[in-house]
Engineer: 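Quick one: structure below, then a few questions.
Just so it is clear, the structure is predicted and the values come from calculations on it, not from any experiment. Counting starts at 1 for both ligands and their atoms, in listed order.
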Amino acid sequence: MKNTSMRAVQIIRPGAPFEIVERDIPQPGPGEVRIKVQACGICHSDSIVQEGHWPGLQYPRVPGHEVAGIVDALGAGVSRWKVGQRVGVGWHGGHCGTCDSCRGGNFFGCQVALQITGISFDGGYADYMVAPAIALASMPEDLSPVEAAPLMCAGITTYNALRNSPAQPGDVVAVLGLGGLGHLGVQYAVKMGFKTVGIARGKDKEPLARKLGCHHYIDSQAQDPSAQLQKSGGAKIILATVTDGDAMSAVLGGLGINGCLIVIGAAQSMQVSPLLLIGGRRSVKGWYSGTAKDSQDTLAFSVLTGVRSMNEVYPLERVAEAYERMMSGKARFRVVLTTGQ
Ligand SMILES: [Zn+2]
Ligand SMILES: [Zn+2]
């Protein structure tokens, strides 16, 4: 391989397998930064690229929005970052800054130029990538690239949903599901001072829940999770990390007065009783991950409190196997690719 070329993992059309190709190392344009990728998490949302579930997605595309690496080159006009700096890039890849959503501070809802890493532009399944400078988060020295990568999507999503919720220290916060998102969600909830309840299927998940710091564990196969939550006065927040709408519906009755089910797992549909919502002024809302600053806060909080993702690590060349592992749902708990850089 020439030293002006690199490895990239691309999808050439919806449904096509991952292919590892040699490409020229990309040059950053104005306002962009080139990153030497060290690690990139594999997220379930990467299946959007592989399966073609994003209208207008242009192929070939390199997926990957849980990126950790080093700033390698700066495009014109970039002053905020320096070559050699450790950075992460997450799902939110940029916004216009001038539309009404952006002017209102709702950058995730940008109506004009919303950029998603690994979807709107090539992501981190490669030795190098180019990202808008606005998409960069500073990565603390105390986090290795493998530790930081999954926090750029699974981490920020759970952390940011919880810190923007109305729950106060001491309130009951339940986390539904103890997988890739949930095992981080319970750690953040504990560290934020919530009375944290883990909910999952099976008695065998309880030791994990306890190890992650849960104050209570509910086995939803053996017990009615709603009734169990009501015994503690009802949850202020239930963070739904599963992709099973029925499992979400089954915990709704566990919300306390003014309680809120925050949905971050992309289930097809769920059932909600209007009477349950009205009677207790309860709500169901979604949460979208966050901006690069939110990612940076996630990384800093994780260092401060010791929150870490449990990862299975694969070298970039074993991407197909790593992706299969993630899609199987059997990974404990996030899968991370490394480039060896
Ligand atoms: Zn993701
Ligand atoms: Zn905008």
Engineer: Checking Glu312 against Arg332 for the salt bridge (charged side-chain N to carboxylate O under 4.0 Å, His left out) test, could you report, in this order, the C-alpha distance in whole Å, the side-chain angles of both residues, the deciding distance, and whether it holds?
Structural biologist: CA-CA 7 Å; Glu312 294 182 6; Arg332 293 290 171 268; over 6 Å; no
Engineer: With side chain to side chain contact (heavy atoms under 4.5 Å, CB included) as the test, pick out the partner of Leu255 among Val284, Leu277, Leu229, Leu261.
Structural biologist: Leu261
Engineer: What I want to find out is whether Arg7 reaches Glu22 closely enough, with some N-O distance under 4.0 Å, to be called a salt bridge.
Structural biologist: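 The answer is no: the pair does not qualify as a salt bridge.
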Engineer: Quick one: closest heavy-atom pair of Gly123 and Ala126, and the distance?
Structural biologist: O-CB, 4.4 Å
Engineer: With the threshold set at 4.0 Å, does a side-chain nitrogen-carboxylate oxygen contact exist between Arg61 and Asp122?
Structural biologist: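 Answer for the salt bridge query: yes.
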Engineer: Look at the rings of Trp91 and Trp54 and say which category their plane angle falls in: under 30° parallel, 30 to 60° tilted, over 60° perpendicular.
Structural biologist: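 Ring orientation, 0 to 90° scale: perpendicular.
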Engineer: Determine yes or no for a side-chain-to-main-chain donor-acceptor pair under 3.5 angstrom, with Asp219 supplying the side chain and Gln221 the backbone.
Structural biologist: yes
Engineer: With a cut-off of 2.8 Å, which protein N/O/S atoms are close to the Zn ion (ligand 2), if we only count those under it?
Structural biologist: Cys96 SG, Cys99 SG, Cys102 SG, Cys110 SG
Engineer: Are Glu206 and Arg210 within salt-bridge range, i.e. N to O under 4.0 Å?
Structural biologist: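 Answer for the salt bridge query: yes.
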Engineer: Give me the number of protein N, O or S atoms whose distance to the Zn ion (ligand 1) is under 2.8 Å.
Structural biologist: 3
Engineer: Given 3.5 Å as the limit, does a donor-acceptor pair link the side chain of Gln228 with the main chain of Pro225, or not?
Structural biologist: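 Not confirmed, Gln228 side chain does not pair with Pro225 backbone.
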